[in-house]
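Structure record follows, encoded as structure tokens.
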Amino acid sequence: MSKKNILLIVMSIVLFIILAIAINADILSGFESWVYFESVEHMSDILTNILIFITNFGGPIGISLICITIFLIPKLRNKLGLPVSIAVSTSFILNIILKLIFARERPDILRLVTENSYSFPSGHAMINMALYTVLIIYAYKFIKSKRIKYPLIIAMMLLVIAIGFTRIYLGVHYAGDIIGGWLLGFAIGLSIYMLMKKSSINDD
């Protein structure tokens, strides 16, 4: 296993722990309030509808469609189908457990969509980061054309950021929830890739 990748995973987990401690100690409340008010400064009906579409794309239905599409494409099924499914499933289960552990209430502000679970870490941020971390790694490794590879990778990165932003704008998550979800999602996605890579080498 790559020492660099292991270091990245460990750093992500350590940063998540530090973030969780800071949130529990109410250190980030000022920062999170500032991020929210900056996010909604230009709120409008058109922008809200666009961001609801994006947040739904990053929700269970959107992610399921992506996973199903990968399985339906023969060339992607073997290389991507399993790691993507494991990354998404692992993130989903771990997110439920962590939300119950931290039991952070959602923001008491204007909520433009309905959510009933706890707030930290964000499931949208965590699951999408895990999913797109795997997709980005495989795109980088297996797409040969730079004209396709790099624009696609940038687009996926921007999509993850956009999905996270929508959760703050829509009033259902604090900024700390999003950052925490990203940190753990990245660690999960990279871990799944490394485990699948090791498994495929051993199978050879």
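H173 NE2 to S122 OG: the interatomic distance, rounded to the nearest 0.5 Å, is 3.5 Å. The structure places OG of S89 at 12.0 Å from CG of L94, a figure rounded to the nearest 0.5 Å. For the atom pair T166 OG1 and F53 CZ, the distance stands at 12.0 Å (nearest 0.5 Å). Atom CD1 of I6 sits about 14.0 Å away from atom CE of M11, to the nearest 0.5 Å. Atom CD1 in I66 sits 12.5 Å away from atom CD1 in I61 (nearest 0.5 Å). In this structure, the separation between CD1 on I93 and CD1 on I188 is 10.0 Å, given to the nearest 0.5 Å.
Between Y193 and Y138, the ring center distance clears the sub-6.0 Å criterion. Between F16 and F186, the ring centre distance reaches or exceeds 6.0 Å.
Proximity of R77 to L82: side-chain heavy atoms (C-beta onward) are nowhere separated by under 4.5 Å. Looking only at side-chain heavy atoms (C-beta outward), Y132 and I137 stay at 4.5 Å or farther from each other. By the 4.5 Å heavy-atom criterion applied to side chains, N56 and V113 are not counted as neighbours. You'll find the side chain of L28 reaches within 4.5 Å of the side chain of L19, heavy atoms only. Residues V84 and F71 are not in side-chain contact: their nearest non-hydrogen atoms beyond the backbone lie 4.5 Å or more apart.
By the salt bridge (charged side-chain N to carboxylate O under 4.0 Å, His left out) test, R104 pairs with E32, D177, sequence neighbours left out.
The environment of M43 atom CE is dense: over 12 non-hydrogen atoms of other residues, nucleotides or ligands sit within 6.0 angstrom. Remark: L100 CG is packed, more than 12 non-hydrogen atoms of other residues, nucleotides or ligands lying under 6.0 Å away. More than 12 heavy atoms of other residues, nucleotides or ligands shown are found within 6.0 angstrom of NZ on K149.
Side chain to side chain, S33 and Y174 fail the donor-acceptor criterion of an N or O pair below 3.5 Å.
In this structure, G58 and I163 approach most closely via the heavy-atom pair CA-CD1, 3.7 Å. In this structure, I13 and A187 approach most closely via the heavy-atom pair CG1-CB, 4.2 Å. Looking at every heavy atom in both residues, N116 comes nearest to R106 through N-NE, 4.5 Å.
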Exercise. Run the numbers on M194 and I9 for side chain to side chain contact (heavy atoms under 4.5 Å, CB included), then give the verdict.
Key: CA-CA 11 Å; M194 292 177 65; I9 293 169; 3.6 Å; yes

